[in-house]
Amino acid sequence: MRTTTLAVAIAICATAASADLVSKPSGKSVIETMDALEAAVTGAGATVFARVDHAAGAASVDMELPDAQLLIFGNPALGTPVMQMDGRAGLQLPLRVLVHEGADGSTMISYEDAASLMDGLTVDMDAEVIGKMNGALGMLTDKAIE
């Protein structure tokens, strides 16, 4: 388990070096935080496309991971204008938020800044929609950890 936790921590740090990750602590469990996030997303009128339980996936092949769940969700009113600027944005959309157990056992909620997601694409980073995506990610994750 210790080796797996270290590997996850290294992977998160490696990703953070190449992306603008936003991470916030949650006083709830991974499942409670994810349930609250999913409720916030649906309550805001966005569509949940998938909820991925990484730890359950690892367990299905007799391996271990700390609790980690990924929520994949979106709103065509925000995603479509970005994809109209550059169809390759579809590789980054819909949005994703990870709720995971930190190395110290705490629960964290993490997502990549919308501008960072679109880095390297022909997307106007000053477009109002990028700010709206970041605002939505911030608001939804704040609601999940309340």
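Considering all non-hydrogen atoms of both residues, Glu101 and Val30 come closest at N-CG2, 3.8 Å. Thr33 and Ser26 get closest at one heavy-atom pair: OG1-OG, 2.7 Å. Of all heavy-atom pairs between Met108 and Ser23, the closest is CE-CB, 3.8 Å. Ala36 and Ala144 get closest at one heavy-atom pair: CB-O, 3.5 Å. Here the closest non-hydrogen pair linking Ala55 and Pro66 is CB-O, 3.7 Å. For the pair Gln69 and Ile31, the tightest heavy-atom approach, listed with the atom from each and the gap, is NE2-CG1, 3.7 Å.
Side chains of Val129 and Met85 form a contact here, defined as non-hydrogen atoms less than 4.5 Å apart. Considering only heavy atoms from C-beta on, Leu71 stays 4.5 Å or farther from Val99 through its side chain. Annotation: side chain of Leu140 is in contact with side chain of Phe73 (closest heavy-atom distance under 4.5 Å). Looking at heavy atoms from C-beta onward, Leu117 lies in side-chain contact with Leu95 at the 4.5 angstrom threshold. Arg88 places none of its side-chain heavy atoms less than 4.5 Å from the side chain of Val123.
Cluster annotation: Ile130 is connected to Val22 through the hydrophobic network of ILVMFWY side chains, with a link wherever side-chain heavy atoms come within less than 4.5 Å. One hydrophobic cluster, built from ILVMFWY side chains closer than 4.5 Å, cannot hold both Met83 and Ile72; they sit in different ones. Cluster annotation: Leu98 is not connected to Tyr111 through the hydrophobic network of ILVMFWY side chains, with a link wherever side-chain heavy atoms come within less than 4.5 Å. Put simply, Met139 and Ile109 are part of the same group of oily side chains (I, L, V, M, F, W, Y) that touch within less than 4.5 Å, one to the next.
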Let's go through Val97 and Glu38 carefully: what are the C-alpha distance in whole Å and the side-chain angles of both, what is the deciding distance for side chain to side chain contact (heavy atoms under 4.5 Å, CB included) to 0.1 Å, and is it a yes or a no?
CA-CA 10 Å; Val97 174; Glu38 188 170 359; over 6 Å; no
Please step through side chain to side chain contact (heavy atoms under 4.5 Å, CB included) for the pair Val82 and Met133, ending with a clear verdict.
CA-CA 10 Å; Val82 174; Met133 282 183 177; 3.6 Å; yes
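With rounding to the nearest 0.5 Å, the separation of CG in Asp113 from CG in Asp20 is 5.5 Å. Taken from CG in Leu137 to OG in Ser110, the straight-line distance is 11.5 Å, to the nearest 0.5 Å. Distance check: Met118 CE to Leu93 CG gives 4.0 Å after rounding to the nearest 0.5 Å. Interatomic distance, CG of Asp67 versus CG of Asp53, reported as 7.0 Å (0.5 Å rounding). Taken to the nearest 0.5 Å, the CG atom of Leu121 stands 8.0 Å off from the CG atom of Asp119. We find the CG-CD distance between Asp126 and Glu128 to be 12.0 Å, quoted to the nearest 0.5 Å.
Within a 6.0 Å radius of NZ in Lys24, other residues, nucleotides and ligands contribute more than 12 heavy atoms. The number of heavy atoms from other shown groups lying within 6.0 Å of NZ (Lys28) is above 12.
Of the possible polar contacts, one joining the Thr141 side chain to the Gly138 backbone as a donor-acceptor pair under 3.5 Å is found. A donor-acceptor pair under 3.5 Å is formed between the side chain of Asn134 and the backbone N or O of Ala114.
Grouping Ile, Leu, Val, Met, Phe, Trp and Tyr residues whose side-chain heavy atoms lie under 4.5 Å apart, directly or via other members, leaves Leu91 alone, with no other cluster members.
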